[in-house]
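Notes for the one structure printed next.
Just follow the structure's listing: the first ligand is 1, and inside any ligand the first atom is 1. For the single chain, residues carry numbers from 1 onward in sequence order.
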Amino acid sequence: SSHPGDELLRSLNEAQRQAVLHFEGPALVVAGAGSGKTRTVVHRVAYLIAKRGVFPSEILAVTFTNKAAEEMKERLKRMVKGAGELWVSTFHSAALRILRVYGERVGLKPGFVVYDEDDQTALIKEVLKELGLAARPGPIKALLDRAKNRGEAPESLLLELPDYYAGLSRGRLLDVLKRYEEALKAQGALDFGDILLYALRLLEEDPEVLKRVRRRARFIHVDEYQDTNPVQYRFTRLLAGEEANLMAVGDPDQGIYSFRAADIKNILEFTRDFPGAKVYRLEENYRSTEAILRFANALIVNNALRLEKTLRPVKPGGEPVRLYRARDARDEARFVAEEILRLGPPFDWVAVLYRTNAQSRLLEQALASRGVPARVVGGVGFFERAEVKDLLAYARLSLNPLDGVSLKRVLNTPPRGIGTATVEKVEALAREKGLPLFEALRVAAEVLPRPAPLRHFLALMEELQELAFGPAEGFFRHLLEATDYPAYLREAYPEDYEDRLENVEELLRAAKEAEGLMEFLDKVALTARAEEPGEPAGKVALMTLHNAKGLEFPVVFVVGVEEGLLPHRSSLSTLEGLEEERRLFYVGVTRAQERLYLSYAEEREVYGRTEATRPSRFLEEVEGGLYEEYDPYRASARVSPSPAPSEARASKPGAYRGGEKVIHPRFGQGTVVAAMGDEVTVHFEGVGLKRLSLKYADLRPV
Ligand code: ATP
Ligand code: MG
């Protein structure tokens, strides 16, 4: 008889099955890319419910992104009953959810807001202004983030810094940090790093809360465990407790977030931290063809600081890994776009991965000009666009009138006659009387001359505050109407207001899916950077290598495989940095299921100057036989055959353009595939591709 539990085991290999059958106590699933780690977690959760009598409301699964959480939840809903009650989320959403319920116990106000990076920067600027200091907010923000990710007080990091950091002496810097924290508190706000810290403190200090949360998380799973930072590690450990029904899943070769204080030590030391832990190794790769996997394996063995792992392909053979050598970044983008066109739809099968956000622009343009639909995943995210941020600021202010950053954003947007002079007066009033900005506004509306604009604004906010407790969509609809926001967009952005209106529409669509406004804002605060709402269907995905983690696509392009970009110039000075770059490349190539293209440009603009580049050392480390040079233009796209080069010219650079038939004393007859300077790449029948020097190889035209 067929049993739901048996069904769950049947589609797994033996090692995966063992992991799924693991019941109580700690377990580590450590395995290479595409070996089914995430799939194992999904099946384990389903199996706990179907066969072990565990309630969905006792299971927590932590994923790396919100999108991954949603996908996992969807899959589980299709597999078992009651999956709606599962707790599947990122560390940050999990922590925020705990704070929404119990936050008052660590001094949080009920309507507290989460500041994103822009808000955080705005607040730092304000603090600097208030203290009369001239300094760059960027490094200060970086310092705060680093400290919070590590779970250390920012002051304790000062010792690692030079005497003058961000243009400030230590004493001044301390003042800024202190004032920043006070300002956050006064505005009823948390920054991103605070979320986990507050939750951790709550669990550490309040045994009652810990007990309750643990009941909701009797069985814990953490995917991408190699990228947990110290705070997430402590959070996991605390939740897991003595029982430690914890399954951690990860691949130390894919640790790529050390800049956010992630530490692959957490995975390497799992069995020490959780004595008695069972270790499960998965060794079959279901994702990529043999050709792709051989390339990936040959790449990652060059890391010295790693655990040996075995990873065997399930899909034999496959298309060769192809390398395109572009003249410059423009040529590279053209190649990517034309190759995607040549392959044809469905375009959402394709991902183009790059090291830095800036690389996306030329790619976007090249695709757009050929009518290939594409979307950038991450980068300047949807929720960071000005129009979206305006509307969200209204929402946040309605829920939390203390939020000064949002208040200043919307006070005169759309313009309603509240000029900077008025704002300064209100600010002075706030300081003088020790009032929050919003309260000072009320006072100002009584005492200042020409109070009409202020009164209008206050009346609007009163309406919005009432609506803030209803459905999110209704709130925004009213807001748009009451402020005549679309008309403002038309005025303020004549060139692209249509795009912006579309973003507003998209925001309404997203709001419709949420229940309340608060829930919606929390979701937004957590997805701000990495993810985009809306339909990915039919579009090429452009994203950084970092954002590609955990995903898979039939066709993958990794562009900019050159020194300075991959490895990135900022990581060259240490072995750890270099090895993290190699892992990043490894993450990129292991996203590919069927076809993998690599490319680099022979010259690229760096800080406004065009510089000659060299191909990545990572390419040199991989045996030539594991990839081929590829150039569709030179090989086949020629309109008329060029005359065969004469014997005399045959060994000079420039003698070949591609497509010529040649003969080589050892390899026999072949076709020139690519030529660059003194080097040609020739495909010899029965031999394969060879890269030859014209000067030394005795190559003759046929
Ligand atoms: P990454 O390290 O990149 O996160 P992963 O180890 O989590 O990879 P999955 O994403 O779980 O790997 O699986 C990779 C692909 O292989 C998926 O398409 C998955 O459905 C498929 N797969 C995994 N195990 C099996 C199996 N036993 N039978 C068939 N397909 C499988
Ligand atoms: Mg995975």
I'd like to know whether N229 forms a side chain to side chain donor-acceptor pair (under 3.5 Å) with Y257, so could you lay out the CA-CA distance, the side-chain angles of the two residues, the decisive distance to 0.1 Å, and finally the verdict.
CA-CA 9 Å; N229 68 31; Y257 277 92; over 6 Å; no
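Ring geometry for F235 versus F91: interplanar angle over 60°, hence perpendicular rather than tilted (30 to 60°). Between Y630 and F335, the ring planes lie perpendicular to each other; the angle is over 60°, past the 30° to 60° tilted range.
The Mg ion (ligand 2) has T38 OG1 as its protein N, O or S neighbours under 2.8 Å.
Although no hydrogens or angles enter the test, the distance criterion places no donor-acceptor pair under 3.5 Å between the side chain of N303 and the main chain of R306.
Two rings, from Y600 and Y324, have their centers 6.0 Å or more apart.
Geometrically, R97 engages W87 in a cation-pi contact defined by less than 6.0 Å to the ring centre and at most 45° from the axis. Seen from the ring of F23, R52 counts as a face-on cation partner, given the 6.0 Å and 45° thresholds.
For ligand 1, the protein residues within 4.0 angstrom (heavy atoms only) are S11, L12, N13, Q16, G32, A33, G34, S35, G36, K37, T38, R39, E224, Q254, Y286, R287, G550, E552, R591.
For the ring pair (Phe, Tyr, Trp, His ring centres under 6.0 Å) test with Y225, the passing option among F270, F64, Y233 is F270; the others fail.
Inter-residue side-chain proximity for M247 and H22 is flagged as met; some heavy-atom pair is nearer than 4.5 Å.
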